[in-house]
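The structure displayed is predicted, hence computed values, not measured ones.
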Amino acid sequence: MEEFLRLEHIRKSFVGVQALKGVNLSLRKGEIHCLVGENGSGKSTLIKIISGVLQPDSGEIRIEGAPVGHLGSAAQTGRGVQVIYQDLSLFPNLTVAENIALAELKSRQSGLIRWAEVRRIARAAMARIKVEIDLDAEVGELPIGLQQLVAICRALTSELRLLILDEPTASLPKHDIDNLLAVVRDLQRHGIAVLFVSHKLNEVFAVAERITVLRDGESVATLPSAELTDEKLVELMTGQAIQHSRFAYAKERGRPLLGVRGLSKRRNFENVSFELCAGEIVGLTGLIGSGRTELALSLFGVSPAERGEILVEGNPVRIRSVKDAVRAGIAYVPENRLVQGLVMKRSVVENATAAVLDRLLSRLRLVDPEKKEKVATEWIRRLGIRVAHPDVAVQTLSGGNQQRVVLAKWLAAEPRILILDGPTVGIDVLAKSAIHGLVRELAGRGMGVLLITDEIPEALSNCNRILLMRAGRIRGEIPTVGLEPEELQKRVEARA
């Protein structure tokens, strides 16, 4: 297969930090090539160099065999190279048609907009990947899966030859992931190369012909996917073997911690009942819109239930606010840690102690800085948060370390019940394994954990039983012993 892009010995540093240390990468025309690596391995820097956003310090870039000098993003777009980042860079207040056609209209440099032409451009792009989306819908009102397809359609309005997808499935439910992977294969059939960047190894193996592994700024391997296994790929990415085992719950140690009876909230969930015991990790899964997160927000007092009963250690509790939930011993780690879990511009110390400031007061009823730093430092140590100094902003940390800071904030409050909503979304394999190990350790100490997840392997490996939620109701409870991934996936997607 003819080569489209070749990078040789690419180096890039930032203020003394060597991000790329002589990376090599080749992409063939019409190839689906996956790029994998831990957070901090250099993937984002490499993507920005390919797209012309950053210039390499040294090394050579060739497109179709010809050396390419100084790159710019506009020049690379002209060569058919486009990137769709996780934030999609769409205009939420514009229509689908306007978002898709915008790039082509801008390239024409004409002040006159013909709305019939806008719609024609959008329809033509959607036809190329066989999707139909309401042209008049505001993009901000669409589900994230459809927004992803709008971004791809926008890229197709130019002469696309290489599409780079940066963590395209991080926020997508299973159905939308399947649709996206089908679109990626369709792009390949049209001769378009795709560089697919993902932490989700099952998706990598589902689409990749070849896989390039980055580790600590170096390309350690490029291999056909058929020659790799999950275990081998993880070892290449991390430099160490990760042992996989299923969580074992010692039922004889458990006592009921959380009881939910007939909990209901109009248009969110109805008549939800379940029990969570000490030492348990109970999974809660279902399709997007099933009411899982709404239930979690209700249990944590963000959006209180209208009917039903919540019991903590057998005693009825009234949860009408977050303060009520924390007082009852309930902690909640949200899926969107960047918006709901952390104040990104604040320090690790400030975030890690945010839930326990009332315990850190001096005699003058002011927050004691020494107590505050002591608590934060202790949780940094206990959770293994990798940070140069406790006072650095949380936004400077990797995704896995940010997630540990969210956990530190709530574990400092000494909860008995921990609700985790998508705790490993968007973090790499090693960080994910560390989070799972920590959750199991907490359960081993007698905490009850409710784990909300879309990821079937995560649910099976870390839960002793799984609650299936559909259309706002608990539709079944399944022990994980002997349960295969295919069976659980089938149960999750069942309509009845």
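- Relative ring orientation between Trp410 and Phe300 is described as perpendicular, the plane-to-plane angle rising above 60° on a 0-90° scale split at 30° and 60°.
- For the atom pair CG of Leu135 and CZ of Arg120, the computed distance is 12.5 Å after rounding to the nearest 0.5 Å.
- Looking only at atom types and distance, the side chain of Asp57 has a donor-acceptor partner in the side chain of Ser13 under 3.5 Å away.
- Of the possible donor and acceptor atoms, one in the side chain of Ser219 sits under 3.5 Å from a partner among the backbone N and O of Asn24.
- Residue-environment remark: CZ (Arg491) stays at or below the threshold of 12 foreign heavy atoms within 6.0 Å.
- One distance of note links NE2 of His389 with CD1 of Ile380; it measures 9.0 Å at 0.5 Å rounding.
- Glu203 contributes no side-chain N or O that, together with a main-chain N or O of Ser198, makes up a donor-acceptor pair within less than 3.5 Å.
- Ion pair Arg292/Asp454 flagged as a salt bridge, since at least one NZ, NE, NH1 or NH2 atom sits closer than 4.0 Å to an Asp/Glu carboxylate oxygen.
- Taking CD1 from Ile129 and CG from Leu180, the interatomic distance works out to 9.0 Å, rounded to the nearest 0.5 Å.
- Exactly one residue among Leu7, Leu25, Ile50 makes a side chain to side chain contact (heavy atoms under 4.5 Å, CB included) with Ile61. That residue is Leu7.
- Side-chain atoms of Gln188 and Arg185 include no donor-acceptor pair closer than 3.5 Å.
- A salt bridge is defined here as a Lys NZ or Arg NE, NH1 or NH2 lying under 4.0 Å from an Asp or Glu carboxylate O, and Glu486 with Lys490 fails to meet this definition.
- Using a distance-only test at 3.5 Å, with no hydrogens or angles considered, no donor-acceptor pair links the side chain of Ser461 to the main chain of Glu458.
- Between the Arg128 side chain and the Leu156 main chain, a donor and an acceptor come within less than 3.5 Å of each other.
- One distance of note links CD1 of Ile47 with CG of Leu54; it measures 11.0 Å at 0.5 Å rounding.
- Looking only at distances, no side-chain donor or acceptor of Arg404 sits under 3.5 Å from a matching main-chain atom of Ala434.
- Listed by first then second residue, pairs satisfying salt bridge (Lys or Arg N to Asp or Glu O under 4.0 Å) with a partner in residues 141-162 read Glu64-Arg161, not counting sequence neighbours.
- A distance of 9.0 Å separates CZ of Phe269 from CG of Leu297, quoted to the nearest 0.5 Å.
- With hydrogens and angles ignored, the 3.5 Å screen pairs no side-chain donor or acceptor of Lys43 with any backbone N or O of Val197.
- Ile466 CD1 to Thr453 OG1: the interatomic distance, rounded to the nearest 0.5 Å, is 9.0 Å.
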